[in-house]
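This report refers to the structure that appears directly beneath it.
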Amino acid sequence: MKASPLRQRTQTATQTSANKAETMTTSDGGQVTRTTATNTISPVGLLQRSLLAAAACAATVIVSAPALAQAQPATNLVAPTPGGPAPPPTTGTMGATGTGGTGGTVTMTGTAGTVEQTPPTVTTTQPAAEPVPPPAVIVTPPPPPPPPPSNSQGVMRSTDFLDTRLTWTFGDDDVLQATGQRVPISGLPAIGDRSQYQLFFDALNSRFAGRENLTHLVMYARAPGFIPRVITEASLVLRFDLGQLATNSGNLTQALYDAGTYLRLLYQTNLSRPTDGLSVTFFPFDTDRFRVGYLWDLSWGGNDIFPRRVGGAPGVRFAYDSGVFSAWAGFKTAQIVVPLPVVVNSGDIEVVRVQETQYAGLAGVSIRPADIFRLDASGGFFQQGAFDFPGLRGKPAFIFGGSVRAVLNQGMPAATSIDMMLYRNHPDFPMQLFRPESYTPGRVTWNVSGELAVVDQQLADINAPGRTNYQLGLAGALQGRVKIGYLNLGATALYRDVAFLLRNVPSFIPFQTFPTDAQLTPEFFFAANADYRIPSANLTPSIIVGLQLPATFGSVVREGSLESARTLVIRRAGNFSILPPGERAIPIVSVRAAMRWDLSSIFGIIGWVQYVRDQNATLLQVDASATRQVRIFQAADQFGFGVAAQARY
């Protein structure tokens with residue numbers, strides 16, 4: 001049985017001689033060359049030196065672990081010649097140097113196991129076929145490289161309900177009259193909203209009255225494009241009208257419908273201002289938010305501009321924004337049932353009514369040279385179907401016009417209607433649709449704006465059959481607001497003529513101009529409001545007073561040989577009051593006092609009382625002879641009250 005290499009090295013190490021080199025063969029086939037001086041090496045000393053060399057080698061391996069993975073093993077091992085000089089250390093993948101027990105130096109290099117000690121020097125070379133395994137080394141692998149970017153990298157998705165308005169209302173719009181004595185009917189105090197709560201100066205910048213119960217499901221996604229500086233967006237917007245659902249009318253299309261779904265591309269031209277750039281917005285279903293004008297009650301060109309429309313009105317909008325200057329343009333389409341003359345086989349002309357595409361184009365610019373001033377202008381052209389009158393059948397009806405607005409402000413920018421905004425459910429840029437009013441003691445801010453809208457329509461000339469004529473419509477508003485600490489003051493003056501009020505019908509008699517003998521008076525109203533914030537109690541008392549001269553349409557009615565003037569009071573399209581013969585419209589006065597108690601940033605309780613004096617409301621009643629119905633005036637005075645718990649978020 002062969003002795004171990006260590007034992008053989010220890011036994012032969014007891015020999016001594018002066019400057020003597022000796023070569024030995026170990027049990028595992030390796031060779032050991034030992035060179036000694038005049039000193040004597042004991043077995044214990046050699047063992048100590050070997051252990052120190054192994055420790056130094058292990059330490060060097062751990063420190064040099066990254067290099068071990070890339071080093072190449074030795075391929076040329078040279079055995080020492082007896083009596084000759086020691087060969088150079090073999091090139092390998094590890095090395096270590098240590099100090100022996102008698103002060104000598106021990107060097108160990110290479111995968112083949114080369115050990116040198118000076119003095120004495122011991123070199124061990126293992127054959128390439130059977131290398132000595134290196135000491136165990138624990139190497140921590142480097143972290144894996146990041147995965148390559150995928151197509152979905154950077155996508156931000158957010159699904160939530162936005163613009164939620166919940167209102168619980170209790171009250172009575174008129175406590176002075178018994179049920180059935182007025183039209184619309186005013187019952188006993190009850191829970192629920194009533195149209196009579198709304199006064200003529202309410203909700204000028206919204207399509208809703210402010211006491212609705214609705215919400216919007218917004219499924220929003222945003223991702224950077226594969227092209228540098230391109231941002232992609234998409235938002236599905238569904239409106240749930242809970243108040244309409246509660247009527248149990250079965251008309252689901254009035255309770256659940258699209259409210260501005262869009263897809264949008266943005267190329268950023270200024271990375272320091274992420275909203276600046278070129279954009280294109282696609283509306284696949286509805287473009288009611290894409291319109292001409294700025295104050296909601298003066299804006300036009302929404303879905304209702306297409307009479308007898310079938311389905312939605314999709315469109316597209318192109319825009320450029322640089323902060324100081326912005327411009328946009330786009331178009332939309334709608335399906336309208338129109339009469340088309342068709343020649344049949346017999347040569348006769350038949351009129352068929354089919355859906356035909358109608359087009360609309362819109363454009364606008366905005367200039368903001370300074371924070372204190374802003375100028376906006378927009379315009380559009382809209383097809384409104386075709387005439388169905390002899391001599392004009394099949395010819396197009398259309399409307400065109402423009403709106404312009406100027407704004408001066410100091411610390412109070414012009415407000416944009418929620419109903420004209422694109423809904424974004426971005427967590428980094430949340431929409432603050434119902435931002436609480438902010439107050440700063442001693443600070444004065446103000447805002448003044450003026451807007452003018454002009455429209456012109458091609459209609460059938462009622463005074464010249466077979467011909468068309470243009471009918472001009474005008475509207476305008478002047479608004480001012482000032483906030484002094486906790487005091488807020490405001491005033492509004494608004495003008496709308498009959499042609500503008502009835503632009504979507506279009507006109508009083510559909511698709512025909514007004515008669516030349518018609519007596520037309522425009523609508524004009526003025527309203528002033530004031531409120532004061534009590535921060536210690538979170539209370540805001542307010543009062544608003546308004547005076548309205550309603551729009552009227554007057555004509556001469558002939559009954560046999562008798563002639564009488566009849567006047568219709570036009571409150572809005574489809575809402576008329578017919579006055580008794582010979583009567584004229586009288587101005588309407590409205591007053592409301594309210595108190596709001598904010599319980600949180602989303603929840604408040606509102607109580608109000610209101611008074612209306614309207615001497616233009618009438619109803620039909622059978623006369624004393626019981627042979628015919630006649631128009632009589634209703635009671636002019638109305639006094640109502642209400643309390644509402646409201647949450648908006």
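Fair warning: this is a prediction, and the values are worked out from it, not measured in the lab.
Taking the centre of each ring, Phe290 and Trp328 come in below the 6.0 Å mark. Aromatic ring centroids of Phe398 and Phe381 lie under 6.0 Å apart.
Side chains of Gln384 and Gln457: a donor on one and an acceptor on the other come within 3.5 Å. Residues Asn488 and Arg481 have side chains that bring a donor and an acceptor to within less than 3.5 angstrom of each other. Judged by distance alone, the side chains of Ser299 and Arg291 do bring a donor and an acceptor atom under 3.5 Å apart. With no hydrogens or angles considered, no side-chain donor-acceptor pair links Ser555 and Gln519 at under 3.5 Å. Side-chain N/O atoms of Thr540 and Arg533 include a donor and acceptor closer than 3.5 Å. With hydrogens and angles left out, the side-chain atoms of Ser249 and Asn251 include no donor and acceptor closer than 3.5 Å. Side-chain contact of Gln335 with Glu356: a donor-acceptor pair under 3.5 Å is absent, judged by distance alone. Judged by distance alone, the side chains of Lys483 and Thr445 never bring a donor and an acceptor atom under 3.5 Å apart. With no hydrogens or angles considered, no side-chain donor-acceptor pair links Arg165 and Thr215 at under 3.5 Å. In this model, a donor atom of one side chain and an acceptor atom of the other lie less than 3.5 Å apart for Tyr294 and Ser378. No donor-acceptor contact under 3.5 angstrom links the side chains of Gln512 and Ser507, judged on distance only.
Once rounded to the nearest 0.5 Å, the distance linking CG of Leu494 with CZ of Phe200 reads 10.5 Å. Here Tyr262 contributes atom OH and Phe285 contributes atom CZ; the two are 14.5 Å apart, rounded to the nearest 0.5 Å. Taking CG from Asp497 and CG from Leu474, the interatomic distance works out to 5.0 Å, rounded to the nearest 0.5 Å. Between Met421 atom CE and Leu162 atom CG the span is 10.5 Å, to the nearest 0.5 Å.
Taking the six-membered ring where tryptophan is involved, the planes of Phe553 and Phe514 are tilted, since the angle between them lies from 30° to 60°.
Sorted by first and then second residue, the salt bridge (Lys or Arg N to Asp or Glu O under 4.0 Å) pairs with a member in residues 262-284 read Glu233-Arg264, Arg273-Asp276; sequence neighbours excluded.
Residues passing the side-chain hydrogen bond (donor to acceptor under 3.5 Å, both in side chains) test with Arg317: none are found, sequence neighbours excluded.
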Give the C-alpha distance, both sets of side-chain angles, the deciding distance and a yes or no for side-chain contact (heavy atoms from CB on, under 4.5 Å) between Asp160 and His216.
CA-CA 8 Å; Asp160 203 352; His216 299 80; over 6 Å; no

Apply side chain to side chain donor-acceptor pair (under 3.5 Å) to residues Ser449 and Arg405 and explain how you reach the verdict.
CA-CA 7 Å; Ser449 64; Arg405 178 182 69 167; over 6 Å; no

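Put simply, the side chain of Arg222 never gets that close to the backbone of Ile231: no donor and acceptor are under 3.5 Å apart. With hydrogens and angles ignored, the 3.5 Å screen pairs a side-chain donor or acceptor of Asn205 with a backbone N or O of Trp296. Under the 3.5 Å distance criterion, the side-chain polar atoms of Glu350 are left unmatched by any main-chain donor or acceptor of Val342. Side chain of Gln646 to main chain of Ala644: no donor-acceptor pair is present (N/O by atom type, distance under 3.5 Å, no hydrogens or angles).
Annotation: cation-pi geometry satisfied between Arg289 and Tyr423 (NZ/CZ under 6.0 angstrom from ring centroid, within 45° of ring axis).
Other residues, nucleotides and ligands contribute more than 12 heavy atoms inside 6.0 Å of the CZ atom of Arg229. The environment of CD1 in Ile227 is sparse: at most 12 heavy-atom neighbours from other residues, nucleotides or ligands sit within 6.0 Å.
Trp300 and Arg503 make their closest contact through CB-NE, 3.3 Å (heavy atoms, listed as atom of the first residue, atom of the second, distance).
Ion pairing between Arg648 and Asp163 fails under the 4.0 Å rule for side-chain N and carboxylate O. Using a 4.0 Å cut-off between a side-chain N of Lys or Arg and a carboxylate O of Asp or Glu, Asp376 and Arg374 qualify as a salt bridge. The pair Asp388-Arg393 meets the salt-bridge criterion, since a charged nitrogen lies less than 4.0 angstrom from a carboxylate oxygen.
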